[in-house]
Amino acid sequence: MNDPAPDSELQCLPFSRDHVLDMSPQVRRLQERQPIARVRTLVGDPAWLVTGYEYVRTLFNDDRLGRSHPCPESAARITRSALLGGPTGDHETEKTDHLRMRKLLAPAFSARRVRSLEPFINDLVDTTLDRLASLAPPVDLRAELCFRLPVQVICELMGVPFSERETFQDWAHELGNVSVPGAADGAFANFYGYMREIVEAKRDKPGDDIISELLAVAPKWNVSADYVAGIAVFLLAAGHETTVAYLGFGILHLLTDNAQRQAVVEDPGLVPGVVEEILRIVTLGSTGLPRYAQSDIEIGGVRIRAGDAVLLAPTVANRDPCAFEDPDAFDVARKPTNHHLAFGYGPRLCPGSHLARAEMTAVFGKLFQRFPGLRLAVPLEELERDRTNMQEGLTRLPVTWDDI
Ligand code: HEM
């Protein structure tokens with residue numbers, strides 16, 4: 001077993017980047033030298049940061065890691081958010097609670113259901129691009145496409161009025177706030193209150209939507225309307241926040257690489273590969289996905305002790321040279337099959353992956369065909385990531401185009 005560095009010498013999160021599209025050089029060094037490294041979290045507590053592809057994949061699937069902790073008040077904390085910055089759930093019942101949640105959600109986002117939604121998503125992308133074409137450039141594409149589309153899709157699916165997005169969009173974003181104490185919790189309380197009213201209305205008058213479906217099966221799974229409202233908050237937020245970030249960075253990769261963008265315009269058959277390459281290359285925030293060891297785990301020459309915090313970093317693992325040739329190159333024709341971990345792996349594999357892929361496929365199959373002259377309206381160096389948020393998505397994406 002290797003001895004971890006003394007706690008006084010641990011590297012501290014967050015790690016800085018030189019460029020908005022690049023991975024932090026500090027993380028790259030850790031990945032090369034210590035793919036499972038002891039670090040300090042955003043609040044200064046010790047945790048294991050896992051950046052090596054094989055280790056991240058193995059630990060995603062290891063049931064000795066969970067989200068709960070036997071003594072939550074003494075557990076290492078990841079961020080200042082009371083909601084997402086430490087252990088969650090009941091330590092005694094975590095596995096059964098999680099399994100129930102997965103079973104409850106399975107029909108809502110199944111591959112079959114998403115396939116049936118594809119015509120709707122394609123039409124929505126067309127309408128969104130028509131609307132974009134009617135605006136006078138420069139335009140913030142983050143607001144007008146990357147945000148607008150996934151929110152409209154998830155609102156439609158869940159039966160939440162898109163016209164009320166201004167009520168909840170800041171709450172959804174603030175759920176991921178990792179720097180202001182209490183921000184995420186305040187946002188959750190407001191969002192939950194809003195969703196509780198929607199749930200109540202759907203109890204009286206069910207519609208053709210996921211919230212009504214969840215309410216219909218709630219008795220079978222022995223869950224309350226309050227539980228459905230809580231899940232609905234997370235679904236509405238998870239159902240667009242990450243997709244917004246991936247659309248933004250994906251478009252930016254193509255805006256800064258004319259040859260690959262041209263290749264995609266000329267050969268629509270490349271679109272599925274483009275989507276997978278974007279999912280692989282985008283690195284989101286540096287906090288990693290939190291877990292707590294439920295028992296001692298020996299892996300990669302280190303001993304993770306029961307109760308230790310572990311941060312799994314799939315978007316860093318997706319740039320591991322041991323798993324991908326030339327990992328920092330954006331290559332729309334990457335082969336063989338792109339086995340990235342963007343949606344996680346194992347029991348918590350993202351249930352929204354089919355939906356996210358369908359939205360990305362529609363956007364990357366249409367955007368550059370419709371706007372062949374699309375380009376950044378500001379120098380690349382002026383673009384920023386939102387460092388207060390765990391996603392670290394783009395704050396804005398100003399673009400312009402020639403007359404179409
Ligand atoms: C590009 C878009 C997306 C990416 C990259 C993404 C990524 C992820 C990842 C990595 C996880 C695993 C978290 C962990 O292991 O701790 C996850 C979980 C989850 N995602 Fe997504 N996601 C995306 C879109 C969506 C959408 C559209 C939805 C819903 C409609 C969604 C709903 C969820 C839910 C409910 C979980 C929790 C699953 C569980 O704990 O078992 N995601 N997502």
Side-chain angles (χ1 to χ4, degrees), residues 60-61 63 65-68 83-84 87-90 93-118 120-121 149-160 162 168 171-172 175-176 188 191-192 194-196 198-203 206-246 279 289-291 312 314 341-360 390-391:
F60 261 133
N61 221 6
D63 67 1
L65 287 179
R67 289 269 182 82
S68 65
L83 186 68
L84 300 169
T88 52
D90 182 332
T93 57
E94 176 180 353
K95 282 203 175 66
T96 44
D97 292 346
H98 179 241
L99 197 61
R100 181 176 60 178
M101 190 267 278
R102 297 290 303 203
K103 287 191 170 159
L104 192 65
L105 288 187
F109 300 103
S110 68
R112 198 155 59 101
R113 181 170 200 160
V114 171
R115 262 198 308 280
S116 73
L117 284 171
E118 277 170 7
F120 163 74
I121 295 173
L149 176 79
V151 175
Q152 211 164 344
V153 171
I154 196 74
C155 280
E156 174 73 24
L157 269 176
M158 299 199 50
V160 172
F162 178 62
F168 60 75
W171 298 331
L175 283 179
F188 182 78
F191 206 165
Y192 179 79
Y194 169 79
M195 201 55 93
R196 194 67 191 77
I198 292 190
V199 164
E200 218 35 67
K202 289 189 189 295
R203 261 214 306 199
D208 180 15
D209 57 65
I210 287 175
I211 295 181
S212 302
E213 283 168 23
L214 293 176
L215 283 169
V217 296
K220 174 181 161 197
W221 296 106
N222 201 19
V223 295
S224 63
D226 288 344
Y227 177 94
V228 172
I231 290 256
V233 165
F234 277 107
L235 284 179
L236 197 75
H240 74 270
E241 278 285 314
T242 323
T243 316
V244 175
Y246 274 78
L279 286 164
L289 298 169
R291 300 285 194 270
L312 303 179
L341 299 171
F343 292 115
Y345 187 71
R348 288 187 182 270
L349 179 76
C350 175
S353 63
H354 303 296
L355 182 61
R357 280 190 167 107
E359 293 176 26
M360 291 175 72
M390 66 181 179
Q391 309 274 15

| request: Output, in order, the C-alpha distance, side-chain angles, deciding distance and verdict of side-chain contact (heavy atoms from CB on, under 4.5 Å) for Met360 and Leu279. | output: CA-CA 10 Å; Met360 291 175 72; Leu279 286 164; 4.0 Å; yes
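At a threshold of 4.0 Å, the pair Arg291-Glu94 does not count as salt-bridged, since none of the basic side-chain nitrogens sits closer than that to a carboxylate oxygen.
Residue Leu175 comes nearest to Ala237 through the heavy atom pair CD1-CB, 3.7 Å, listed as atom of the first residue, atom of the second, then distance. Nearest heavy-atom pair, Leu349 versus Gly344, reported as atom, atom and distance to 0.1 Å: CD1-O, 3.3 Å. The shortest non-hydrogen separation linking Thr96 to Thr93 is OG1-O, 3.0 Å. The minimum heavy-atom distance between Phe109 and Pro351, with the atom names listed, is CB-O, 3.3 Å.
Separation of atoms SG (Cys350) and CG (Leu341) is listed at 13.0 Å; rounding is to 0.5 Å. Rounded to the nearest 0.5 Å, atoms NE2 (His354) and CG (Leu117) are 12.0 Å apart. The distance from the CD atom of Glu118 to the CD atom of Glu359 is 11.0 Å, given to the nearest 0.5 Å. Going from atom CG of Asp208 over to atom CG of Leu157 covers 10.0 Å, rounded to the nearest 0.5 Å. Taken to the nearest 0.5 Å, the CD atom of Gln152 stands 12.5 Å off from the NE2 atom of His240. Atom CZ of residue Arg67 and atom NE2 of residue His98 lie 7.0 Å apart, to the nearest 0.5 angstrom.
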Side-chain donor-acceptor pairs of residues 221-236 under 3.5 Å, sequence neighbours excluded:
from: Ser224; atom 1: OG; to: Asp226; atom 2: N; distance (Å): 3.4
from: Ser224; atom 1: OG; to: Tyr227; atom 2: N; distance (Å): 3.2
from: Asp226; atom 1: OD1; to: Tyr192; atom 2: OH; distance (Å): 3.4
from: Asp226; atom 1: OD1; to: Arg196; atom 2: NE; distance (Å): 2.3
from: Asp226; atom 1: OD1; to: Arg196; atom 2: NH2; distance (Å): 3.0

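Put simply, the side chain of Lys202 never gets that close to the backbone of Asp209: no donor and acceptor are under 3.5 Å apart.
Contact of the Ser68 side chain with the Thr88 side chain is not registered, since no non-hydrogen atoms from C-beta on lie closer than 4.5 Å. Side-chain contact between Leu214 and Val199: absent, with no pair of heavy atoms (C-beta onward) separated by less than 4.5 Å. At least one side-chain heavy atom of Cys155 sits under 4.5 Å from a side-chain heavy atom of Phe168.
Ring-plane geometry between Trp171 and Phe191 is classed as tilted, the angle between the planes lying from 30 to 60 degrees on a 0 to 90 degree scale.
Here salt bridge (charged side-chain N to carboxylate O under 4.0 Å, His left out) pairs that include residues 101-114, with residues two or more places apart or in two chains, are Arg113-Glu213.
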